[in-house]
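All chains are named by letter (A, B, ...) in the order of the sequence lines, taking the proteins before the strands, and each is independently numbered beginning at 1.
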Number of protein chains: 2
Amino acid sequence: MAGRRATVDAVTGWIEQHVACLEAEPIALARAVGRVAATDVTTTVRMPPVDRAAIDGVALRAGETVGASSYNPLAFALASADVPLPPGSAVTVAAGAPLPAGADAVVPLDQVELSGDGRCALVEPIGVGSDVERAGSQIAPGDRLVPAGRRIDAYHIGVLTVVGIEHVTVIRQPRVRVVSITPPAGAPDTNRPLLEALLARDGARVEAIEVARARDALAQALATDRSDLVLVIGGTGPGRDDIARAALAAAGEVAIDGVAVRQCETACVGRTRSGIPVFLLPGMPAACLWAYELVAGGAVRRRAGGSTALPFAARPMTTARKIASIIGVTDVCPVRCRADDKVEPIASFAEAGLAAAIQADGFVIVPAGSEGYARDSAVMVYLLRPWTGQ
Amino acid sequence: MAGRRATVDAVTGWIEQHVACLEAEPIALARAVGRVAATDVTTTVRMPPVDRAAIDGVALRAGETVGASSYNPLAFALASADVPLPPGSAVTVAAGAPLPAGADAVVPLDQVELSGDGRCALVEPIGVGSDVERAGSQIAPGDRLVPAGRRIDAYHIGVLTVVGIEHVTVIRQPRVRVVSITPPAGAPDTNRPLLEALLARDGARVEAIEVARARDALAQALATDRSDLVLVIGGTGPGRDDIARAALAAAGEVAIDGVAVRQCETACVGRTRSGIPVFLLPGMPAACLWAYELVAGGAVRRRAGGSTALPFAARPMTTARKIASIIGVTDVCPVRCRADDKVEPIASFAEAGLAAAIQADGFVIVPAGSEGYARDSAVMVYLLRPWTGQ
């Protein structure tokens with residue numbers, strides 16, 4: 001039985017083969033934070049547009065400062081900034097001002113002696129390009145400002161604003177249908193708010209939430225679905241009331257029947273006849289969470305234009321104690337992070353249920369072939385929230 | 001001059017002394033993602049409410065299985081689940097079902113021989129508590145589900161839903177007023193969209209955006225302000241048009257005049273006479289960004305109930321090349337992360353402007369007293385976006 005379950009890698013492979021990114025749409029830059037760029041965003045702008053002064057000072061030709069010293073101050077006539085720089089001259093410039101034609105360096109004001117007679121003197125030489133911001137040194141025409149597939153953040157907004165880009169092309173947000181099987185009539189499915197929050201995090205919108213009680217009704221709902229992805233919660237077990245797998249088989253195809261992830265063994269993956277991806281998640285809260293995170297979430301993020309990779313920062317740390325795991329299934333082991341960069345395992349999701357997710361700072365994934373990690377092992381910790389070591 | 005500028009630690013100290021967290025307000029759980037808990041959220045619920053079966057099987061008294069073996073199968077009468085378990089009996093239970101009174105272990109179905117005559121047989125003994133989910137093992141009355149000051153995420157939503165909490169008390173979102181000085185009349189301030197996105201990330205709302213041209217008008221606007229925090233962009237330099245500092249002095253107090261962060265040296269911190277925190281940020285985009293991230297952002301997050309700490313995951317990595325920095329100021333050095341867990345410095349914010357923020361995977365902070373890091377040094381990298389090492 002365990003041998004027939006698909007590994008996480010096999011599920012990811014299926015998703016990358018069968019779940020496509022949605023189409024692109026234009027959006028105003030002001031509303032683009034969190035959306036995924038559909039194409040590379042490039043610019044035709046040069047920043048700075050011309051060579052300019054990086055500081056307040058005097059602009060001049062560096063070559064003319066050779067030999068300046070306190071024993072041999074070199075004098076320069078102060079010229080106008082509006083004409084090409086005459087030989088032997090300097091021009092006072094403010095930070096950010098264009099260099100006059102001919103100038104190739106800027107001397108800081110406090111290293112210049114300004115005399116009252118329209119001249120200034122230098123007591124040391126200066127190098128070419130000193131305190132000059134070169135044209136195009138920040139941004140050059142053709143620069144890629146956002147790569148396709150990147151989630152747009154505040155910094156992108158800042159740079160795109162600077163170069164005058166007001167609209168970007170992003171991937172449409174997936175509309176996800178959530179169908180609950182587990183709750184008795186009238187009772188709310190406690191998994192729904194969790195899934196809605198996870199879907200929002202991954203850039204999707206919940207289009208419809210329904211409760212299905214009968215296999216034929218669920219099959220009918222799946223067969224006629226027009227959303228971008230469907231999550232079915234509960235009813236994945238082998239019991240008589242477990243209608244999810246049979247309904248998916250009737251409405252399309254069960255491509256992956258069982259996943260080798262602890263507690264998530266009954267999760268299934270498939271498609272409707274019209275090709276809409278369907279994920280069957282177990283109804284027990286911790287199982288529902290990890291079936292989403294390790295199985296369905298990658299498809300949601302891919303549909304939204306992103307990557308199937310887990311959306312967490314990872315940090316290499318060391319085990320303060322042994323992390324025990326079950327062989328044969330991928331196991332998600334919750335841990336607490338310590339200031340000495342070690343992690344301590346806490347009660348597992350099997351023992352503590354969903355509560356483990358709020359007690360943990362992060363988690364370690366133990367592959368199916370491993371029984372866990374001995375004390376003092378190097379492990380990769382996926383951080384559930386920012387952890388800076390303090 | 002450099003000696004008079006405040007260190008980042010001194011600014012953080014001022015913020016922690018003078019910038020208070022806002023008041024609490026109730027909110028529906030469905031709208032609480034991203035908000036900061038005002039108080040510890042605790043529960044009166046026990047999960048599971050009673051001891052229950054972790055798997056499908058038969059519940060019985062573990063003590064009665066002692067001595068069972070394939071040479072000595074022990075038989076149990078199958079009893080009803082609705083009454084206390086009679087001695088010598090067992091009850092078939094589904095996963096999640098309460099144990100009958102008296103039972104203390106569950107034997108998996110595939111380890112039991114069910115005969116047709118209302119009896120079952122065991123061929124090995126079982127331990128007390130085996131495959132039993134203990135009452136309260138997941139959540140016990142009094143458990144703290146969200147600590148005060150924690151930003152509520154999808155996992156909190158899941159657990160709070162499970163225990164039936166529908167409302168939580170969170171810190172009110174700060175209303176932040178943004179005033180631009182830099183742009184000439186009619187031109188938009190390109191820093192504004194950046195700041196709006198950063199403020200949204202830190203849990204604040206932009207209440208009003210204005211342009212101030214004259215010192216007295218700005219001082220008047222600050223003196224009569226009723227927002228929770230004010231950001232003034234530009235006009236922080238020593239020039240004649242640099243009205244920000246004088247206006248703040250007229251409207252209240254300049255508490256910190258200059259910050260020892262590279263490019264952000266002219267940033268100032270103070271308060272209006274009615275005590276509203278005011279941050280003066282330099283107008284150059286990269287300087288505005290880092291004056292926000294290292295100076296103002298901590299105050300915004302603190303106002304919103306969070307911590308002054310940087311809102312990034314940090315990861316210890318190694319320098320692939322030397323990171324050079326200027327002594328005397330804290331320097332933010334952008335880096336790219338490599339798959340071998342090394343980081344390479346890229347063109348600095350002084351050289352590449354705001355564009356460095358979108359070319360980088362993260363940044364290293366070099367303290368004022370350091371000239372940087374040699375090759376192969378251990379450094380802490382603040383990750384601008386999730387980085388998992390692939």
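Taking chain B as the reference chain and counting heavy-atom pairs below 4.5 Å, the highest number among A:L354, A:I358, A:I157 is found for A:I358. Interface remark: of the candidates B:V163, B:V162, B:T161, B:T161 forms the most heavy-atom pairs closer than 4.5 Å to chain A. Between chain B and the residues A:L195, A:L384, A:D56, A:V33, the largest count of heavy-atom pairs under 4.5 Å involves A:L384. Comparing A:G164, A:A355, A:G96 by how many heavy-atom pairs each has under 4.5 Å with chain B, the most go to A:A355.
Looking only at side-chain heavy atoms (C-beta outward), B:R150 and A:R385 come within less than 4.5 Å of each other. Side-chain contact between B:D361 and B:P334 is absent, with no heavy-atom pair separated by less than 4.5 Å. Proximity of A:L310 to A:L294: side-chain heavy atoms (C-beta onward) are separated by under 4.5 Å at one or more points. Inter-residue side-chain proximity for A:M47 and A:S137 is flagged as unmet; no heavy-atom pair is nearer than 4.5 Å.
With B:D143 contributing its side chain and B:L145 its backbone, the two residues share no donor-acceptor pair below 3.5 Å.
For A:I139, the part sitting under 4.5 Å from any heavy atom of chain B is the side chain, from C-beta outward, and nothing else. Only the side chain of A:E293 comes within contact range of chain B, with heavy atoms under 4.5 Å apart. Heavy atoms of A:P285 lying under 4.5 Å from chain B belong exclusively to its side chain. Proximity to chain B (any heavy atom under 4.5 Å) is restricted, for A:R144, to the backbone atoms N, CA, C and O. Neither the backbone nor the side chain of A:E196 comes within contact range of chain B; no heavy atoms are under 4.5 Å apart. Interface residue A:V159: backbone and side-chain heavy atoms are both found under 4.5 Å from chain B. Looking at A:L289, the atoms closer than 4.5 Å to chain B (heavy atoms on both sides) all sit in the side chain, from C-beta outward.
Within 6.0 Å of atom CZ in B:R205, 12 or fewer heavy atoms from other residues, nucleotides or ligands are found, so the atom counts as exposed in its surroundings.
Ring planes of B:Y382 and B:F363: parallel class, angle under 30° (limits at 30 and 60°).
Of the inter-residue distances, the one linking A:L281 atom CG with A:N191 atom CG reads 8.5 Å to the nearest 0.5 angstrom.
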